Number of protein chains: 4
Amino acid sequence: MPKVSEQHLEARKQQIVDAAFQCFARKGFHPTTMQEICAEADLSAGAVYRYFESKQAIIASACDVTQETSDQELLARAIEAPDTRQMLQGLADAFFSRVDGPDATVQNRAILQLWAEVAVNDEVRGTFKEREATIADGMRAIVVEAQERDDFDVGLDSQSVVRAMFALYDGFRLQKAIDPSTPTAPYVTVVKALLTGSFWTGAMPDPAKT
Amino acid sequence: MPKVSEQHLEARKQQIVDAAFQCFARKGFHPTTMQEICAEADLSAGAVYRYFESKQAIIASACDVTQETSDQELLARAIEAPDTRQMLQGLADAFFSRVDGPDATVQNRAILQLWAEVAVNDEVRGTFKEREATIADGMRAIVVEAQERDDFDVGLDSQSVVRAMFALYDGFRLQKAIDPSTPTAPYVTVVKALLTGSFWTGAMPDPAKT
Amino acid sequence: MPKVSEQHLEARKQQIVDAAFQCFARKGFHPTTMQEICAEADLSAGAVYRYFESKQAIIASACDVTQETSDQELLARAIEAPDTRQMLQGLADAFFSRVDGPDATVQNRAILQLWAEVAVNDEVRGTFKEREATIADGMRAIVVEAQERDDFDVGLDSQSVVRAMFALYDGFRLQKAIDPSTPTAPYVTVVKALLTGSFWTGAMPDPAKT
Amino acid sequence: MPKVSEQHLEARKQQIVDAAFQCFARKGFHPTTMQEICAEADLSAGAVYRYFESKQAIIASACDVTQETSDQELLARAIEAPDTRQMLQGLADAFFSRVDGPDATVQNRAILQLWAEVAVNDEVRGTFKEREATIADGMRAIVVEAQERDDFDVGLDSQSVVRAMFALYDGFRLQKAIDPSTPTAPYVTVVKALLTGSFWTGAMPDPAKT
DNA sequence: GATGAATGAGATTTCATTCAT
DNA sequence: GATGAATGAAATCTCATTCAT
């Protein structure tokens, strides 16, 4: 009996967050009204408030949900690659596969809303930083390992390398959000080229200098 | 006399937009109230409405103002560099010098608000895309030139290369907005390394393959 | 079988009214929600609505319940006293014994809610006046009798004498409701003194005058 | 300039509290809606909220206003009377003159609402107790003085005597609130009789006993 | 009979905008 | 030109009541 109830509860919460998510991607957090969320969730206001204390709680929940899925898994799988290059390519493919596909534009636009909220809302920022930190740690381990294998310049700050990787991903999501027709494949090719040394084909600086 | 008037008008508009900008960076566009903008601008509601038709107009104006300064100039100056590497390094220094310094956190956070609005507001998106396109075109010329000099892999889509450059910049602004204490210098080093071929120090793939 | 049912029905109603009574004393009629009553009664909303048509009905019932007990009885017993003084003292003791004891604060506070409702709610006022009238009539008989015995000034309006007696009771309940630590015994002493002539110990006015 | 503004502010606040007072007397605090208060005050919702933070604040203010007038003055004037009897009679006349007259029913009913709120609302209770205490202290001085003159039984607790006086007043207000047609004059006569020794005309108890 | 999730009207409160002074 | 009090539509949230299970 408690099980049914709990399943029901979770299902309803999901239903509401999903509906809210759509609305948020469409109009942003604050311009979205509860009425719109209720309509999208096909529920009355009273029902929604049975599952969430406030609109703020729905926003927080929606922020929480974003990409809650398995960055960890991606990292774990990537690490099994035989060499750094293949690992990076696998990672790039895995991450960038998310920016296309059904629902991706909604996700990408929602992410922008989340970022804006993060800049402004301490609670949301807290959760966000925490999650980022977890992934960043995983990534950093990978970077350090690549440096130990002498694949990445050991002189580079590993943290900053991770930041650059994030940037290449997040920055592209921004562009997809603004223009969903942006082609992904050639971008991923560039990213792989950057990370695996085939981007720059010109002369290298005289190592005697610097 | 019309000149004085016009100067005055512009000055007041600037005063209001500046005030609004601060508020927006602090709370986001929509949660910011006109009262807050008025207070920050040290003007009455009536006065503000003499210069702007609506809050929406202030938002649009604030979005317009963002980095209105001289991306073009930076590009023009960069192009004068003797070689691609120096040009890229100059560009990186120029752009990333903006993400620090006084007022930078406000700028970085405001940018997140702008992005969120862009995802959601057709008018703002129009202006934004236009501006981006202008800079992107300038950057693209640089990239194509680098490819012609055989400094960048000619097989890469120049548009996507520009996107990657944008991403490295925007993605970092995102991180600075979330955590203003993020150090910039090591990140810029990584960016330069990525773009000028000193990032990847491992083996290159067998050109016979692929 | 109808009897069992009826007993059950009454028991349930009582349970609900008792619960409501507690809530009402705590928060007042209108701020109390049905949910709170249900929780206090340990019943579901549906169950409560099986026994009462509406919240209004519960309020009415709670008002009805107040002191439903036996003012009449007190009067009947008092009347058996050998003289007016003893009768008044007995009455005072009987009535004021109610303002202390367990549950008395709840009662006293609930009474204030009732009075407020009476001022505002025609239905409740009707019931209230009726009940008051009954007791007032009983009291009045006592007063008239005392006047006939020449114990009370025959020049006084008996109705108003009754009102004064009520006032001494109700006004004290008000004070106990506001501050439950108010001591009862010395107050009762004063009341008895007032009613039996030992309050005023000064000179009496010159009967020649007035 | 600040003076005009401040006067205006006070005037508006008064206007709103007065309007609210009417509504409260009519329907009670909680069933009264802001819309009703706004309509009664002939002001828009927005305007009302410029002067009061919340409905709760209006309730508090309305409670505060109740009888803010000059109980102190009455006491001060009463004290000048040549003897206790005349003083008591003066006091009684002064106080009870308030329970009739235009607007008195509104006042009397509002008082019941206040009492109910006092039982339930800590903030309101605080203010209420404080004010009561002030008057009670004044009254007590009078009572003690009467005891020193040997007009009141010195064996009685002066605090309780004050309480009895309050009760005779408050209890009558209750009755007037419930039935505004209750005649005041004969009641006042009874009160005066009680306090000045002409109520009980029967035998006094044998002082040898007790 | 009992449950408690759902309803939806309605309450309080906010805030962009206007306009008399 | 400037002010800021006033407006009132609309937002969030509550809660008495119903009804499928």
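All figures in this text were calculated on a predicted structure; none of them were measured in a lab. Note on naming: letters A, B, ... go to the chains in the order of the sequence lines (proteins, then strands), and numbering restarts at 1 for each one.
Separating the CG atom in A:D103 from the CG atom in A:N108 is a distance of 9.5 Å, to the nearest 0.5 Å. Residue D:R109 holds its CZ atom at 11.0 Å from CG of D:L174, rounded to the nearest 0.5 Å.
A residue-by-residue look at D:A45 and B:R12 shows that B:R12 has its nearest nucleotide of DNA chain F further toward the 5' end. In this structure, B:T32 and D:Y49 both approach DNA chain E, and ranking their closest nucleotides by distance from the 5' end singles out D:Y49. When each of D:M34 and C:Q35 is assigned the nucleotide of DNA chain E bearing its nearest heavy atom, the one mapping closer to the 5' terminus is C:Q35. Nearer to the 5' terminus of DNA chain F, by closest-nucleotide assignment, is the contact made by B:R50 (compared with the other of B:R50 and C:H30).
The backbone N or O of D:F52 lies less than 3.5 Å from no partner atom in the side chain of D:K13, so there is not a single donor-acceptor pair.
Under the 3.5 Å distance criterion, with hydrogens and angles disregarded, a donor-acceptor pair is assigned to the side chains of D:Q14 and D:D18. Counted by atom type alone, D:N121 and D:Q56 present one or more donor-acceptor pairs between their side chains at under 3.5 Å.
In this structure, D:I16 atom CD1 and F:dT7 atom P are separated by 10 Å, rounded to whole Å. As rounded to whole Å, 12 Å separates atom P of F:dT14 from atom NZ of C:K27. Between C:E36 atom CD and F:dT14 atom C1' the separation is 12 Å, expressed in whole Å.
When all heavy atoms of A:I58 and A:A20 are compared, the pair lying nearest together is CG2-CB, 3.5 Å. The heavy-atom pair separating C:Q113 from D:A116 by the smallest distance is NE2-O, 2.9 Å.
The outermost nucleotides of DNA chain E lying under 4.0 Å from heavy atoms of chain D, listed 5' to 3', are E:dA11 to E:dC15.
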Read 5' to 3' with Watson-Crick or G-U pairs under 3.5 Å, [ ] for crossing pairs and | for partners on another strand, DNA chain F gives .||||||||||||||||||||

Salt bridge (Lys or Arg N to Asp or Glu O under 4.0 Å), that's the test. Do A:E130 and A:R125 meet it? Break it down for me. CA-CA 8 Å; A:E130 224 172 288; A:R125 174 157 58 243; over 6 Å; no

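Each of A:Q22, A:R26, A:Q15 was evaluated against A:E40; a single residue qualifies, A:R26, per the side-chain hydrogen bond (donor to acceptor under 3.5 Å, both in side chains) test.
Using a 4.0 Å heavy-atom criterion, one finds that B:F52 contacts no nucleic acid atom at all.
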